[in-house]
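Have a look at the structure below, then the notes.
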Amino acid sequence: EQTQLASKVSKLNSKVYKAIKNANAESVDDLLAFLSGFLMVEFSKVKKNTADYLGLIKDDVKNASSKQDLPTNKKLVNRLQKQTYIELNSNLVCAEKELMRDFKQTIKPYKKTPTHITDVKKVLQDEFVKNGGVKVTYKNGAKMPLDKYFAMATRTARSETLNATAIDNALKLGTDYVYMDPADTSCKTCATLGNRVYCISGKDNNYPSVYGVLFRKGYTCIHPHCRCVLKPFFIEDHTNKEMKQILRDSNRLYDLDPRTESQRQAYQEAQAFNHRVWKATKEYEKAKEVLGKDLPSQLDTLPKFRRGHAMKTERYKEIHNTMQAIEKLPGSNPIKVTELKNP
């Protein structure tokens, strides 16, 4: 579901691009008015999709609590979901406003210069593609594509909610301890912090504190995109020999990477794969926007395009070179695929 939400947000770029092209406007002011209304409607749809996704997190929490024969802490889940919803929609509002500012700035030189509206649309389309579509701007000025931001924020929200629920469940079950179970392909930070028992209250100095060590920044998640989860830990369920080893593991040095070489390699490969998928997706969206129906049948769907990208097929190379040529010649007409050599 998280991937589906990111995909829906990603399609916003294509919708905006097509809206510019197909806008029924006779003047620059008409075009801006149309785009303003269009963005308001489309961004509202994204807000609804966001609410639907956050609602699905409740099912994850319910399953995690049911394993401990506990009811879901609805108050806790609702609070975390509300925080996430406000953060996501605040950035959505900012992204929408920033996009309209960019449109107005791009169009400004043509308001007093007689220019055919079709040419103005073309300029807007070129600038939209050149700038990478809809983006979120952070306080430090850094920019991130909206779909990539949503993928990060929603995945992080899920981890935060599950970890907060695990802590709440542990306290309800009468234990002051949780165990951090790192993901199979965890990063160095999570591997270092993982496979340890943490004390929730921080009163037991024999174990590191949850909020003093694990979640020092106030989030119940180690870092954005983190998939590592906590689970209640019960000392009485372990023998003295086991607890001695658990105590040693929980207090091992924090500057050592406990992963094996194969685990490090698996993490790097997973990161590289995710990057390739994201890169192929963005390239497909841009090719679809610019070339439209001229995109060959071998690459006209995202799965086909990803396969072509991964295998570096001849047809993919042709489209890739076409897109690079278009980017180097801003304002020029797209090169038709039919002008390229036959497969």
Side-chain angles (χ1 to χ4, degrees), residues 54 56-81 83-84 155-260 262-264 266-267:
L54 292 177
L56 290 173
I57 294 179
K58 290 183 179 180
D59 293 334
D60 291 336
V61 172
K62 183 178 180 180
N63 292 333
S65 296
S66 64
K67 292 179 181 179
Q68 306 290 340
D69 293 325
L70 293 171
T72 301
N73 187 332
K74 295 181 179 179
K75 185 176 181 180
L76 173 65
V77 174
N78 289 337
R79 176 173 60 81
L80 289 170
Q81 288 188 335
Q83 290 175 354
T84 304
R155 183 178 289 118
T156 303
R158 180 178 181 275
S159 295
E160 277 202 278
T161 306
L162 287 173
N163 283 332
T165 298
I167 292 172
D168 181 65
N169 287 345
L171 295 175
K172 286 179 179 177
L173 292 168
T175 179
D176 195 26
Y177 305 94
V178 286
Y179 180 80
M180 206 284 261
D181 193 10
D184 294 335
T185 54
S186 60
C187 64
K188 179 181 178 180
T189 299
C190 291
T192 300
L193 294 170
N195 295 313
R196 298 176 192 258
V197 171
Y198 290 86
C199 178
I200 300 172
S201 68
K203 294 179 180 180
D204 188 347
N205 294 325
N206 291 314
Y207 296 93
S209 166
V210 167
Y211 297 104
V213 176
L214 197 59
F215 301 140
R216 291 178 297 175
K217 296 183 179 180
Y219 300 98
T220 50
C221 187
I222 298 174
H223 59 77
H225 284 295
C226 187
R227 294 180 292 111
C228 300
V229 294
L230 298 177
K231 57 185 180 182
F233 181 83
F234 304 91
I235 292 178
E236 59 271 22
D237 289 347
H238 300 272
T239 65
N240 290 334
K241 182 178 180 180
E242 289 173 338
M243 285 309 304
K244 286 180 180 179
Q245 184 60 50
I246 290 171
L247 185 61
R248 284 194 294 270
D249 291 340
S250 299
N251 288 281
R252 68 185 189 273
L253 295 176
Y254 287 96
D255 58 352
L256 298 177
D257 186 350
R259 297 177 299 174
T260 63
S262 62
Q263 288 174 325
R264 295 191 191 98
Y267 172 73

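Along the sequence shown, residues are numbered consecutively beginning with 1.
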task: For residues Asn251 and Asn206, report the shortest heavy-atom separation together with the two atoms involved.
output: ND2-O, 2.8 Å
message: If I take atom NZ from residue Lys244 and atom OG1 from residue Thr239, how far apart are they, to the nearest 0.5 angstrom?
response: 9.5 Å
query: Of all heavy-atom pairs between Ile200 and Tyr211, which one has the smallest distance, and what is that distance?
result: O-CD1, 3.7 Å
- prompt: Should Asp181 and Leu230 count as side-chain neighbours, where that means a heavy-atom distance under 4.5 Å?
  reply: no
message: If we count only N and O atoms by modelled type, under 3.5 Å, do the side chains of Asn195 and Tyr179 hold a donor and an acceptor together?
response: yes
query: Which is it for Met243 and Leu247 under the side chain to side chain contact (heavy atoms under 4.5 Å, CB included) test, yes or no, and what are the steps along the way?
result: CA-CA 6 Å; Met243 285 309 304; Leu247 185 61; 5.8 Å; no
Pair Lys172-Asn73, side chain to side chain contact (heavy atoms under 4.5 Å, CB included): steps then yes or no: CA-CA 10 Å; Lys172 286 179 179 177; Asn73 187 332; 3.9 Å; yes
- prompt: Near Asp255 CG, under 6.0 Å, is it more than 12 heavy atoms from other residues, nucleotides or ligands?
  reply: yes
- line: Heavy-atom closest pair (Tyr198 atom, Leu193 atom, distance to 0.1 Å) is OH-O, 2.5 Å
- request: Look up atom NZ in Lys74 and atom NZ in Lys62, then write down how far apart they are to the nearest 0.5 Å.
  value: 8.5 Å
query: Under a 4.5 Å cut-off applied to non-hydrogen side-chain atoms, are Cys228 and Pro182 in contact?
result: yes
field: Heavy-atom side-chain proximity of Tyr219 to Thr156 below 4.5 angstrom
entry: no
message: To the nearest 0.5 Å, what is the distance between NZ on Lys67 and NZ on Lys231?
response: 9.5 Å
message: Would you compute the distance between atom CG of Asp249 and atom CD of Glu242 and round it to the nearest 0.5 angstrom?
response: 12.0 Å
message: Quick one, Val197 and Val178 - any side-chain contact, counting heavy atoms below 4.5 Å?
response: no
task: Assess whether side chain to side chain contact (heavy atoms under 4.5 Å, CB included) is satisfied between Ile167 and Phe215, documenting all intermediate values.
output: CA-CA 12 Å; Ile167 292 172; Phe215 301 140; 4.2 Å; yes
message: Apply side chain to side chain contact (heavy atoms under 4.5 Å, CB included) to residues Lys75 and Arg79 and explain how you reach the verdict.
response: CA-CA 6 Å; Lys75 185 176 181 180; Arg79 176 173 60 81; 5.8 Å; no
field: Distance (rounded to the nearest 0.5 Å) between Asn63 CG and Thr165 OG1
entry: 11.5 Å
Parallel, tilted or perpendicular: ring planes of His238 versus Phe233, cut at 30 and 60 degrees: parallel
query: Within a strict 4.5 Å, meaning less than it, do heavy atoms of the Ile222 and Met180 side chains meet?
result: yes
message: For the backbone of Arg155 and the side chain of Arg158, can you confirm whether one donor and one acceptor N or O come within less than 3.5 Å of each other?
response: no
- request: Please indicate whether Arg196 has more than 12 foreign heavy atoms, meaning atoms of other residues, nucleotides or ligands, lying under 6.0 Å from its CZ.
  value: yes
message: So Pro208 and Ser250, do their side chains get closer than 4.5 Å, heavy atoms only?
response: yes
- request: Give the minimum heavy-atom separation between His223 and Cys190, together with the two atoms involved.
  value: NE2-SG, 3.2 Å
- request: Determine whether more than 12 heavy atoms belonging to other residues, nucleotides or ligands lie under 6.0 Å from atom CZ of Arg216.
  value: no
- prompt: Is there a donor-acceptor contact under 3.5 Å from the side chain of Asn163 to the main chain of Thr220?
  reply: yes
- prompt: Looking at OG of Ser65 and CG of Asn169, how far apart are the two atoms once the value is rounded to the nearest 0.5 Å?
  reply: 4.0 Å
task: For Leu76 and Ala164, work out which heavy atoms get closest and say how close.
output: CD2-O, 3.5 Å
